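Worksheet: one structure, shown below.
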Amino acid sequence: MIGLKEIAEIANVSISTVSNVLNGRKNVGAETRERVLRICEAHGYAVNGGKKARAEQNRTVLFIFSDFDRDFYLKIIQGISDCLTENGFNLVICTNKSSGEFMRASFASGAICLDASMSDEFLAGVAAQEMPVVLMDRIMESGNANAASVIVDNYPVMCQLVQALADRGMKRFGYVGGLGFTLDNQERFAGFSDTLARNGIVFDQRYYYHGNYREDSGYQAAKLMLLSNDLPEVVVCANDNMALGAIRAFEEHGVSVPEDVSVTGFDDSAMAAMAGLTTVAIPRYESGYLAAKKLLELMGGEDASADPFKLSATIRWRKTVK
């Protein structure tokens with residue numbers, strides 16, 4: 001069956017224009033609208049009756065995630081659930097492996113996606129043809145009037161964290177990054193590297209260690225640092241799990257935190273608080289609540305803003321930094 005991308009190519013318009021036509025918006029010229037609709041009809045691409053009609057079919061919303069880390073997702077889910085319950089909607093939680101079975105208008109009225117592995121093209125197609133979508137921790141590159149984004153404002157708070165470390169006299173920095181393609185890691189590393197540059201501190205790329213947001217990857221990164229026999233003064237990690245893994249490796253090898261090396265994380269998980277980890281606190285409950293609120297607005301007929309909704313974060317200074 002022909003897809004959204006092919007319709008846009010045949011009509012010589014953008015995917016977002018096709019989305020606007022399929023959702024009955026008035027910001028498309030009559031000639032273009034007719035051309036798109038003729039192509040859809042000719043190729044058997046069903047056209048739905050608009051967001052409001054779909055929202056009335058059922059009162060179910062999907063939350064799609066990529067990997068179940070109970071501590072990370074629980075507060076987000078609580079925020080989503082509270083907002084939906086207050087407005088009389090049901091919540092169904094699924095992983096990306098099963099989401100394709102559920103992301104259709106006959107099952108749900110909208111979806112909240114926290115899954116970096118789902119492509120923009122797929123989500124744009126769902127948003128245009130099936131249901132409104134709110135993305136968390138990412139921005140859809142192609143743009144779509146039926147898809148919105150709720151993200152953490154990673155850059156400024158990482159700048160604040162690294163500036164405070166530089167103000168304490170630290171000059172030799174290590175960085176343990178998450179998955180390189182994720183917006184979170186890109187923004188966090190940009191804040192890290194830009195702040196070092198503003199302070200005249202040269203960051204040696206040998207001290208960039210690639211992780212995957214899991215504790216074991218932080219553990220392995222720290223073991224590589226230990227093998228090099230040239231520890232940085234502070235290791236900045238792109239999330240708490242990797243920071244906790246790094247601390248475990250250091251302690252197993254007799255390296256004291258923070259006396260020998262300081263460590264910071266990002267997220268402020270329950271385990272981070274228990275371990276006394278210096279980190280950045282993300283308002284995860286609020287992010288879930290606001291994502292659900294934005295989705296309800298889209299299902300009610302509002303167009304998505306061109307700009308993502310950004311959540312501010314704060315630093316939690318604890319005992320892993322001297």
Side-chain angles (χ1 to χ4, degrees), residues 4 14-28 48 50-55 58-66 73 75-77 79-84 86-87 89 91-94 96 99 102-105 108-155 182-184 186-187 282-313:
L4 192 73
S14 66
I15 292 176
S16 60
T17 297
V18 177
S19 170
N20 289 334
V21 171
L22 296 177
N23 285 286
R25 296 190 177 90
K26 299 179 180 179
N27 58 347
V28 181
N48 290 323
K51 289 185 293 186
K52 290 184 178 180
R54 291 199 301 275
N58 58 68
R59 301 185 70 80
T60 299
V61 165
L62 299 176
F63 174 59
I64 303 160
F65 61 92
S66 56
Y73 287 105
K75 291 181 181 179
I76 295 173
I77 292 171
I80 294 171
S81 179
D82 285 354
C83 181
L84 294 179
E86 290 168 6
N87 289 275
F89 279 78
L91 174 63
V92 172
I93 301 170
C94 59
N96 58 350
S99 59
F102 301 111
M103 292 187 76
R104 58 182 188 273
S109 296
I112 299 170
C113 180
L114 183 50
D115 181 0
S117 69
M118 300 187 80
S119 70
D120 284 354
E121 182 179 348
F122 173 76
L123 291 169
V126 169
Q129 175 69 3
E130 295 290 339
M131 62 179 69
V133 174
V134 170
L135 295 88
M136 299 185 71
D137 292 351
R138 64 186 287 195
I139 302 171
M140 190 179 294
E141 292 183 4
S142 60
N144 192 301
N146 207 25
S149 294
V150 175
I151 64 174
V152 176
D153 202 2
N154 295 284
Y155 184 86
T182 61
L183 179 65
D184 280 347
Q186 292 167 5
E187 292 186 340
I282 295 174
R284 281 176 287 170
Y285 174 89
E286 291 80 2
S287 70
Y289 192 97
L290 289 168
K293 184 175 183 293
K294 174 56 66 176
L295 182 63
L296 293 176
E297 292 170 356
L298 292 178
M299 292 191 300
E302 292 188 22
D303 286 350
S305 170
D307 298 319
F309 186 93
K310 293 186 176 183
L311 293 158
S312 60

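The figures that follow rest on heavy atoms only: side chains count, while hydrogens, waters and symmetry mates do not. Since the structure is predicted, the reported quantities are computational estimates derived from the model, not experimental observations.
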For P283 and S312, the nearest pair of non-hydrogen atoms, with its separation, is CD-O, 3.4 Å
Could you tell me which non-hydrogen atom of L62 sits nearest to which non-hydrogen atom of A108, and how far apart they are?
-> CG-CB, 3.9 Å
Any side-chain heavy atom of I77 sitting closer than 4.5 Å to one from F65?
-> no
Dump the intermediate steps for side-chain contact (heavy atoms from CB on, under 4.5 Å) on V28 and T17, then the final yes or no.
-> CA-CA 7 Å; V28 181; T17 297; 4.2 Å; yes
Please report the closest heavy-atom contact between P132 and S109, naming both atoms and the distance.
-> CD-O, 3.1 Å
Pick from V152, N154, V150: which one makes a side-chain contact (heavy atoms from CB on, under 4.5 Å) with D137?
-> V152
What's the spacing between L114 CG and I76 CD1 if we round to 0.5 Å?
-> 5.5 Å
Between CZ on residue R138 and OG1 on residue T182, distance to nearest 0.5 Å | 11.0 Å
Could you give the distance from CG (D82) to CG (N87), rounded to the nearest 0.5 Å?
-> 11.0 Å
Rounded to the nearest 0.5 Å, how far does SG of C113 lie from CG of L123?
-> 5.0 Å
Can you name the nearest heavy-atom pair linking V134 to K294, along with the distance?
-> CG2-CG, 3.9 Å
To the nearest 0.5 Å, how far apart are CG in L295 and CZ in F89?
-> 8.0 Å
Distance (rounded to the nearest 0.5 Å) between L298 CG and L296 CG = 9.0 Å
Sub-4.5 Å side-chain heavy-atom contact between Y155 and K310 = no
